[in-house]
Amino acid sequence: MFDELSKILKARDVKLVVVSKTQSPERILELYQKGQRIFGENRVQEMLVKHGSLPGDIEWHMIGHLQSNKVKQIAPFVSLIHSVDGFGLLEEINKQAKKAGRVIDCLLQFHIAQESSKFGLSPEEAEEMLNSPEFANMKNVRILGVMGMATFTSNQSQVEREFRQLKGIMENLKSTHFADSTYFKEISMGMSGDWELAVENGSTMVRIGSLIFEGMNP
Ligand SMILES: *Cc1c(COP(=O)(O)O)cnc(C)c1O
């Protein structure tokens, strides 16, 4: 599955984040040897262990809800944080990035699903954040775009509506806050069950786990 998927996505210029949460280092290495370099984790502790034991040129993406008090542990190496869902968190990322002497790339996570269990900002919260003087002074974070998770449902038209909503949010932010930015262009949407729909609706980055790992040796 990996080879096929990675080929399709490359042809469409969509980045593949292999979601390796709960997967063994051996399985990750198997994909690394096929050329995969971007892996996504949703827990800080697990990411730390894997970062410490796997090749140094892997780009580790944090895709799960991140608590502010854990940011400092991943700040020295994390490549992209998909899950910025609050002002306090962004401030902490900026602070820890500064301490680590880096600029950390981030995506703003929006709540587009019907499930209340999923995290994310509302467009109003994002506006407030981006308009604030504090944001203007954050020199150690760079916002590359947006991320969202659709409702877990077989209703394709609902999922599609949610992806379009995220694309709309992205375009609106681009014109109002990031018109001069060459790097604000990423839309992280699409998982094992809905990646095709996500790509059709403008995804630039998909996060896929089970679809890839299901058929592999343990
Ligand atoms: C687990 C997870 C994924 C991948 O889900 P699959 O259905 O296994 O592809 C993607 N995004 C987030 C935020 C996740 O937590």
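If you're wondering where the values come from, they're calculated on a predicted model, not measured in any experiment.
- With a 4.5 Å cut-off on side-chain heavy atoms, Gln114 and Gln158 count as touching.
- Residues Val71 and Val141 fall within the same hydrophobic cluster, defined by Ile, Leu, Val, Met, Phe, Trp and Tyr side chains chained together at heavy-atom separations under 4.5 Å.
- Using modelled atom types, one side-chain atom of Ser24 and one backbone atom of Arg27 make a donor-acceptor pair closer than 3.5 Å.
- Closest heavy-atom contact between His82 and Met205: CE1-SD, 3.5 Å.
- Two residues are said to be in side-chain contact when any heavy atoms from C-beta on lie closer than 4.5 Å; Glu171 and Lys167 meet this criterion.
- Side chain of Ser79 to main chain of His61: no donor-acceptor pair is present (N/O by atom type, distance under 3.5 Å, no hydrogens or angles).
- Transitive grouping of hydrophobic side chains (ILVMFWY, heavy atoms separated by less than 4.5 Å) keeps Phe213 and Ile38 in distinct clusters.
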**Request:** List the steps and the verdict of side-chain contact (heavy atoms from CB on, under 4.5 Å) for Tyr32 and Asp57.
**Result:** CA-CA 10 Å; Tyr32 177 88; Asp57 63 341; 2.6 Å; yes
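- The 12-atom threshold is exceeded at CD of Gln156, counting heavy atoms of other residues, nucleotides or ligands nearer than 6.0 Å.
- Taking all atoms of both residues into account, the shortest heavy-atom contact from Phe135 to Met129 is CB-O, 3.2 Å.
- Crowding of Asp13 atom CG: a count of heavy atoms from other residues, nucleotides or ligands under 6.0 Å not exceeding 12.
- Of all non-hydrogen atoms in Phe2 and Leu16, the two that sit nearest each other are CE1-CD2, 3.8 Å.
- Put simply, the side chain of Asn94 gets close to the backbone of Asn140: a donor and an acceptor are under 3.5 Å apart.
- Note that CG of Asn42 is 4.5 Å distant from NZ of Lys21, once rounded to the nearest 0.5 Å.
- Lys50 approaches Thr22 most closely through the heavy-atom pair NZ-N, 3.9 Å.
- In this structure, the separation between CG on Leu80 and CD1 on Ile104 is 10.5 Å, given to the nearest 0.5 Å.
- One hydrophobic cluster, built from ILVMFWY side chains closer than 4.5 Å, holds both Val199 and Val18.
- Within the 4.5 Å cutoff, the side chain of Phe184 has heavy atoms near those of the Met170 side chain.
- In this view, Gln45 satisfies the side chain to side chain donor-acceptor pair (under 3.5 Å) rule with no residue, not counting sequence neighbours.
- More than 12 heavy-atom neighbours from other residues, nucleotides or ligands sit within 6.0 angstrom of CZ on Arg102.
- Linking Ile, Leu, Val, Met, Phe, Trp and Tyr residues whenever their side-chain heavy atoms come within less than 4.5 Å leaves Leu5 and Val17 in two separate clusters.
- Arg142 places no side-chain N or O within 3.5 Å of a backbone atom of Cys106 that could act as its donor or acceptor partner.
- Between Phe77 and His51, the ring planes lie parallel to each other; the angle is under 30°, not in the 30° to 60° tilted range.
- A donor-acceptor pair under 3.5 Å is absent between the side-chain atoms of Thr151 and the main chain of Thr153, judged by distance alone.
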**Prompt:** For Val159 and Asn155, what are the C-alpha separation, side-chain angles and deciding distance, and is it a side-chain contact (heavy atoms from CB on, under 4.5 Å)?
**Reply:** CA-CA 7 Å; Val159 172; Asn155 182 342; 5.9 Å; no
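- Separation of atoms CE (Met189) and CG (Leu107) is listed at 12.5 Å; rounding is to 0.5 Å.
- For the atom pair Lys95 NZ and Ser68 OG, the distance stands at 9.5 Å (nearest 0.5 Å).
- Using a 4.5 Å heavy-atom threshold, the side chains of Met1 and Glu214 count as separate.
- Remark: the Arg207 side chain and the Ser188 side chain contain an N/O donor-acceptor pair separated by less than 3.5 Å.
- Using a 4.5 Å heavy-atom cutoff, the side chains of Phe39 and Leu54 are not in contact.
- In plain terms, the two heavy atoms of Ser210 and Ser192 that are nearest each other are OG-OG, 3.2 Å.
- Listed here is the closest heavy atom pair of Gly148 and Leu166: N-CD2, 3.5 Å.
- Glu91 pairs by the side chain to side chain donor-acceptor pair (under 3.5 Å) definition with nothing, not counting sequence neighbours.
- Contact annotation: the side chain of Val44 approaches that of Met62 to within less than 4.5 Å [non-hydrogen atoms, C-beta and beyond].
- Every pair passing side chain to side chain donor-acceptor pair (under 3.5 Å) that includes a residue from residues 172-183 is listed here, sequence neighbours excluded: Glu127-His177.
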**Request:** Would you check, one step at a time, whether the test side-chain hydrogen bond (donor to acceptor under 3.5 Å, both in side chains) holds for Glu186 with Thr204?
**Result:** CA-CA 6 Å; Glu186 305 293 350; Thr204 66; 2.6 Å; yes
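- Summarising the geometry, atom CD belonging to Glu162 is positioned 14.5 Å from atom CZ belonging to Phe110; distances are rounded to the nearest 0.5 Å.
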**Request:** In sequence, state the C-alpha distance, the side-chain angles, and the governing distance for Ser132 and Phe87, and then conclude on side-chain contact (heavy atoms from CB on, under 4.5 Å).
**Result:** CA-CA 10 Å; Ser132 72; Phe87 204 172; 3.1 Å; yes
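- Shown here are the side-chain contact (heavy atoms from CB on, under 4.5 Å) partners of Glu125, two or more places apart in sequence or in another chain: Leu121, Ser122.
- Hydrophobic clustering (side-chain heavy atoms under 4.5 Å, transitive across Ile, Leu, Val, Met, Phe, Trp, Tyr) keeps Ile63 apart from Ile74.
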**Request:** Output, in order, the C-alpha distance, side-chain angles, deciding distance and verdict of side-chain contact (heavy atoms from CB on, under 4.5 Å) for His65 and Ser83.
**Result:** CA-CA 6 Å; His65 180 63; Ser83 45; 5.8 Å; no
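- Each of Ile93, Leu66, Val146, Ile143 was scored for a side-chain contact (heavy atoms from CB on, under 4.5 Å) with Val84, with one residue passing: Ile93.
- With sequence neighbours left out, the side chain to side chain donor-acceptor pair (under 3.5 Å) criterion links Glu160 to Arg164, Asn201.
- No donor-acceptor pair closer than 3.5 Å links the side chain of Glu196 to the backbone N or O of Ala198.
- When the shell of 6.0 Å around CD of Glu134 is examined, it contains more than 12 heavy atoms from other residues, nucleotides or ligands.
- Cluster partners of Met191, by chain and number: Met149. The rule joins Ile, Leu, Val, Met, Phe, Trp and Tyr whenever side-chain heavy atoms lie under 4.5 Å apart.
- In this structure, CD on Glu200 lies 9.5 Å from CH2 on Trp195, to the nearest 0.5 angstrom.
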